[in-house]
K.L.:
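Quick one: structure below, then a few questions.
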Amino acid sequence: MAKKEIPYKIYLEESEMPKYWYNLRADMVNKPAPLLDAKTRKPMTAEDLSPVFCDELIQQELNDTQAYFEIPEEILNFYKMYRPAPLVRAYCLEEKLQTPAKIYYKFEGNNTSGSHKLNSAIAQAYYAKKQGLKGVTTETGAGQWGTALSMACAYLGLDCKVYMVKVSYEQKPFRREVMRTYGASVTPSPSMETEVGKKILAEHPGTTGSLGCAISEAVEKATSLPGYRYVLGSVLNQVMLHQTVIGLETKAAMDKYDIKPDIIIGCAGGGSNLGGLIAPFMGEKIKGEADYRIIAVEPETCPSFTRGKYAYDYCDTGMICPLAKMYTLGSGFIPAGTHSGGLRFHGMNPTLSQLYADGLMEAVSVPQTAVFAAAEEFARVEGILPAPESSHAIKVAIDEALKCKETGEEKTILFGLTGTGYFDMMAYEKFHDGKMVDYVPTEEELAKGFSYLPKMD
Ligand SMILES: *Cc1c(COP(=O)(O)O)cnc(C)c1O
């Protein structure tokens, strides 16, 4: 039973927690493309960005040379309330699958917000507070990011205004109430509170809203209220930077037991958890110190990597945010009903996009019924009830483990388990009742999305 020498859970000591975030861009040969001003098409400067974003976060966003950023002590102390997160050896899943593969997952669901988003929420709220701001505004779709941000703001005594996509506001009252418990004000979007909201409502009466529209409202609010800035839960490089705490902890825990993953898998919405998990491993890969197979998993309904274009695009529907070069389906692309709200964004983090373009990582897309089947299989043996988003990674980890069963290879598979699914039981219900359907967007639908891409010359 030599195999049991590795414990079910590998925890780090508090003293072994990472004290720096790792900026992978510093070690990349081909740097991600700069953000551009939507009007002038010139690279955005810190000054251009300062009406919208917090000053120190802008420095982090624009810096692609400094490899390490010290984690301020206040943030480290907050992290200690729910970190280090466990790295779990999935012995029970291995047994169930009868695979020679060794499966590990990093579990980020051990906090009230239920996902990894708190790692960046506390960092962004901290820099807003440090700048002397009164509060921050943001958007939220399914509600994970808004929940995380409201927790961080409550801790630091900052005001938090959340624009929540109207359909989620009405259909997902529980996350909304968690946000209000932490003192956030939650407005269904589109609203009559902003000019862009009024305009959208006039043009589309009765619309149930979209993420891109809520972003436009939150940005307008931040720039029109003194003492406020806008913060975002994914996609930006600063968010990926904060999320490297996931990968750094994972690497430290694996190093303790001389474990080297062969395959690293993560779900990809805007790319922040995947980018954070793989960062230290990808750094070694780029420097030629080690090799890893890295796989991004996305829903078939919103296939940014696997069917998107690598192009400059808007991050929001109102087209008021800067242009980012990324794998994208177009800012007007509306994904069909997927139950993984956190994976519905049309674009992908610019750093990951460059790595993918350079062939340093792979991507696959999976249908949602297969994702829920994998979620259920996992829940029944490992105990944790996974978020639908996270279950995309589970699905591909299981597929890879089953391939090992066929070939007899003892590969080591690592995946990111980003959160829990307690607020997603309506989706589980649909799956159990056989009412969940899979949908693959047609070429025509994708072409329509691409038609929204800004013309670059
Ligand atoms: C938001 C979310 C994701 C996707 O976001 P990324 O920025 O791609 O990491 C994945 N899992 C959960 C649980 C989420 O809440």
Side-chain angles (χ1 to χ4, degrees), residues 85 105-121 124 138-149 151 164-165 168 172 175 178-179 211 215 231-247 264-279 295-299 301-305 308 315 324 326-328 335 338-353 356 361 363 365-366 368 371 375 378 384-396 415-424 427:
Y105 58 90
K106 179 73 166 169
F107 181 48
E108 290 290 323
N110 267 336
N111 67 78
T112 296
S113 77
S115 81
H116 66 285
K117 292 201 171 69
L118 196 55
N119 300 332
S120 184
Q124 297 194 47
T138 199
E139 76 293 331
T140 199
Q144 291 103 317
W145 166 244
T147 308
L149 187 67
M151 286 176 70
M164 186 168 188
V165 177
S168 305
K172 303 192 172 174
R175 278 227 178 80
V178 179
M179 287 185 254
L211 207 51
I215 296 178
V231 296
L232 186 63
S234 184
V235 190
L236 295 174
N237 292 324
Q238 56 183 273
V239 184
M240 174 173 157
L241 176 73
H242 307 145
Q243 295 297 355
T244 60
V245 67
I246 304 174
I264 306 172
I265 301 165
C267 64
S272 71
N273 87 81
L274 175 69
L277 174 67
I278 68 171
I295 310 174
V297 190
E298 54 187 18
T301 48
C302 194
S304 316
F305 270 136
C315 296
M326 55 188 176
Y327 278 88
T328 179
T338 164
H339 292 285
S340 300
L343 305 181
R344 288 183 55 128
F345 191 65
H346 63 275
M348 192 55 70
N349 167 279
T351 302
L352 288 187
S353 292
Y356 184 66
M361 53 184 275
S365 71
V366 288
Q368 62 179 347
V371 166
F378 178 85
I384 295 170
L385 180 76
E389 292 88 350
S390 323
S391 306
H392 286 69
I394 297 176
K395 160 71 183 145
V396 173
F415 72 91
L417 188 69
T418 50
T420 47
Y422 302 112
F423 290 122
D424 301 286

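Note that ligands are numbered from 1 as they come in the structure, with each ligand's atoms numbered from 1 the same way. The residues of the chain are indexed from 1 along the displayed sequence.
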K.L.:
Write 'none' if nothing qualifies; otherwise put on separate lines each N/O atom of ligand 1 with a protein N/O atom under 3.5 Å away and their distance to 0.1 Å.
P.N.:
unit_1: ligand 1; atom_1: 7 (O); unit_2: Ser234; atom_2: OG; d: 2.4
unit_1: ligand 1; atom_1: 7 (O); unit_2: Ser272; atom_2: N; d: 3.0
unit_1: ligand 1; atom_1: 7 (O); unit_2: Ser272; atom_2: OG; d: 2.7
unit_1: ligand 1; atom_1: 8 (O); unit_2: Gly269; atom_2: N; d: 2.7
unit_1: ligand 1; atom_1: 8 (O); unit_2: Gly270; atom_2: N; d: 3.0
unit_1: ligand 1; atom_1: 8 (O); unit_2: Gly271; atom_2: N; d: 2.8
unit_1: ligand 1; atom_1: 9 (O); unit_2: His116; atom_2: NE2; d: 3.1
unit_1: ligand 1; atom_1: 9 (O); unit_2: Ser272; atom_2: OG; d: 3.3
unit_1: ligand 1; atom_1: 9 (O); unit_2: Asn273; atom_2: N; d: 2.8
unit_1: ligand 1; atom_1: 9 (O); unit_2: Asn273; atom_2: ND2; d: 2.7
unit_1: ligand 1; atom_1: 11 (N); unit_2: Thr418; atom_2: OG1; d: 2.7
unit_1: ligand 1; atom_1: 15 (O); unit_2: Lys117; atom_2: NZ; d: 2.6
unit_1: ligand 1; atom_1: 15 (O); unit_2: Gln144; atom_2: NE2; d: 3.2

K.L.:
Could you work out, with ring pair (Phe, Tyr, Trp, His ring centres under 6.0 Å) as the rule, every residue matching Phe305, not counting sequence neighbours?
P.N.:
Tyr327, Tyr356
K.L.:
Would a distance-only check, ignoring hydrogens and angles, find a side-chain to backbone donor-acceptor pair under 3.5 Å from Lys117 to Gly233?
P.N.:
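No; judged by distance alone, with no hydrogens or angles, the pair does not exist.
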K.L.:
Holding to side chain to side chain donor-acceptor pair (under 3.5 Å), I want the full list of residues that pass it with Glu108, two or more places apart in sequence or in another chain.
P.N.:
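Per chain and number, Glu108 pairs via side chain to side chain donor-acceptor pair (under 3.5 Å) with Arg83, Asn119.
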K.L.:
State whether the side chain of Ser168 and the backbone N or O of Gly141 hold a donor-acceptor pair below 3.5 Å, judged by distance alone.
P.N.:
yes
K.L.:
Distance only, no hydrogens: is a donor on one side chain within 3.5 Å (strictly under) of an acceptor on the other, for Thr147 and Ser113?
P.N.:
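No donor-acceptor contact under 3.5 Å links the two side chains.
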K.L.:
Taking side chain to side chain donor-acceptor pair (under 3.5 Å) as the test, write out the residues that go with Asn273, two or more places apart.
P.N.:
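Residues passing side chain to side chain donor-acceptor pair (under 3.5 Å) with Asn273: none at all.
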